[in-house]
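Structure first, then comments.
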Protein chains: 2
Amino acid sequence: MPGDVQKNPVEKIPALSRQRLGDQIADVLRKQILLGELRPGSNIPERETASALGVSRTPLREALLILEVEGLVIMAPARSPIVANPSLEDLTQLLLVQSALEALAGECACEEITNDEFDHIESLHLHMLASSDISDDSLDFFSTDMAFHEAIVASTKNPPLIKTHRQYNARLWRARFMSSRRKIKRASTLRDHTNIVEGLKKRDKAQTSAALGEHLRIAITNIAGIFAREDNPE
Amino acid sequence: MPGDVQKNPVEKIPALSRQRLGDQIADVLRKQILLGELRPGSNIPERETASALGVSRTPLREALLILEVEGLVIMAPARSPIVANPSLEDLTQLLLVQSALEALAGECACEEITNDEFDHIESLHLHMLASSDISDDSLDFFSTDMAFHEAIVASTKNPPLIKTHRQYNARLWRARFMSSRRKIKRASTLRDHTNIVEGLKKRDKAQTSAALGEHLRIAITNIAGIFAREDNPE
DNA sequence: GACCATTATTTGGTATACCAAATACATTGA
DNA sequence: TCAATGTATTTGGTATACCAAATAATGGTC
């Protein structure tokens, strides 16, 4: 296969580093999974992947283990590790937890958020508002959406909450990306975000928390729609 | 040192098994951490621990990595891994997330719980009620308390929620155990539990969820009390 | 021709050997 | 005597070699 970049990857691990190699590999693989370069259900054979990345199996296994604990990779005995391929039910359950986490984040954010952090979140919101009409760039809209939510969680300054939220986001990333490509839904997304920003501006715990929680529960139905459309395409 | 079980452990890993050795070691170490056999802040040197357990460093490192992702162990470059020693602030943040998870669990449980599961939860509650007066066995009271909460979460049949809740429980275990030894607090614990059981019986989402969330938020102040007492002992 | 058994190959799991960085200790000079 | 430097030891990080189980392919038999 000409042009096969899998065997001679550009994203080679740099020779020296300050961080554990396994962590770096985990970052690379996680990114590849999120971007869809490693498709759900696909194999990640240890030897092949290790040599493709220019590392040995030991740190690669560390990376796979991390991703397994995070729920992005499934490892079974005597089987190649595979990229998790969550069902609609899985995604629904994940999203339910994520909605509770974000509801909590909204509550905490009202107490902990600084003015600078709020300004940043508001600017992300304004960017989405502006780009939703004029731009076709789904990826930009989507990544700003993700950054918006992550910034809110980050403003809580609660490391476990931030970490857990990030892990759930990783498992939901792909589904939410697929869902975000339905431009029809952008209006309701932006309306929800407006509520969230307003709640944050007033430091109104109840409004912020409820808006965030509700926002993600709506996302559940959107994702269900994607699944239905895949099963009965057009 | 005579009788030193650390070097010649009873809990040796059985030779053959169906499960990954690293996972089993992680279970052993997790248990030792929870039971306080491995004290917070203590070192877990790789070579020494590996030979003490009768395994090689590779699966031991797998176990340590799992525990690091779970937040029970801290690994720093060129440093022995150490058992996490969460500060009061850490515990507060963890408990806040855990309270949100349990509040969600209460909501979901009202929809998903079976009669058998409810009966089991109620029997745990009754056991605690009965044993609180007559028994001095803190460990029994505490472990039943933990089982009570875990059973509620389990009844949601939401695997990610169950897993995340279990991980947070592991990090909170020690602090909650210390806290549970203050028998003074048992009455309020049991009152909270009664509310929870009542809510579940009626399948009342609002009551169950609120009771569970509030229950853990109270635990925060109890644990803060433990810390204050340690700093100014009697 | 089909099915079962056996073998060879590929997989992940584990142990070991090697390496580099960091630390602690000792020795030497001021 | 104290401090600074250099060396030796201990640490975790990584690569490699070995092992066992599972699978797939092939050959023999019914």
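The sequence lines fix the lettering, A, B, ..., with proteins before strands; numbering per chain opens at 1.
In this structure, B:T58 does not reach the C:dT14 phosphate: none of its side-chain N or O atoms is under 4.0 Å from OP1 or OP2. In this structure, A:S80 reaches the C:dG12 phosphate: one of its side-chain N or O atoms is under 4.0 Å from OP1 or OP2. Residue A:R61 has a polar side-chain atom (N or O) positioned under 4.0 Å from OP1 or OP2 of C:dG13.
Each of C:dC19, D:dA15, C:dT14 was ranked by its minimum atom distance to the side chain of B:R47; first place goes to C:dC19. Which of D:dT16, C:dT14, D:dG13 sits closest to the side chain of B:E46 comes down to D:dG13. Nearest to the side-chain atoms of B:R20 among the listed nucleotides D:dA15, D:dG13, C:dT14 stands C:dT14.
Separating the CG atom of B:L64 from the C1' atom of D:dG13 is a distance of 13 Å, rounded to the nearest angstrom. Put simply, CD on A:Q24 is 12 Å from C1' on D:dG13, counting in whole angstrom units. We find that CG of B:L60 is positioned 10 Å from P of C:dA15, with the value rounded to whole Å. Separating the CD atom of A:E62 from the P atom of C:dG13 is a distance of 14 Å, rounded to the nearest angstrom. When the P atom of C:dG13 is taken as reference, atom CD1 of B:I25 falls 13 Å away, rounded to whole Å. Straight-line distance from the CD1 atom of B:I44 to the P atom of D:dT11: 14 Å, rounded to whole Å. Atom C1' of nucleotide D:dT11 and atom CD of B:E48 are separated by 12 Å, given to the nearest angstrom. Atom CG of B:L21 and atom C1' of D:dC19 are 14 Å apart (whole Å).
Direction of the helix axis in the helix from C:dG1-D:dC30 to C:dA30-D:dT1 shifts by 10° between the two five-pair termini, rounded to 10°.
Between B:H127 and B:D140, the side chains place a donor N or O and an acceptor N or O closer than 3.5 Å (distance only, hydrogens not considered). Residues A:S99 and A:E102 have side chains that never bring a donor and an acceptor to within less than 3.5 angstrom of each other. A side-chain N or O of A:H149 and one of A:D145 form a donor-acceptor pair less than 3.5 Å apart.
Across all strands, A:R79 comes closer than 4.0 Å only to sugar-phosphate atoms, never to a base (heavy-atom distances).
No donor-acceptor distance shorter than 3.5 angstrom exists from the side chain of A:D27 to the backbone of A:Q24, with no hydrogens or angles considered. A donor-acceptor pair under 3.5 Å links the side-chain atoms of B:T92 to the main chain of B:L88, judged by distance alone. The backbone N or O of A:L29 lies less than 3.5 Å from no partner atom in the side chain of A:K31, so there is not a single donor-acceptor pair.
Here the CZ atom belonging to A:F141 is positioned 12.5 Å from the CZ atom belonging to A:F177, to the nearest 0.5 angstrom.
Summary of the strand contacts: B:A76 and A:R57 both lie near DNA chain D, and taking for each the nucleotide with the nearest heavy atom, the more 5' one is attributed to B:A76.
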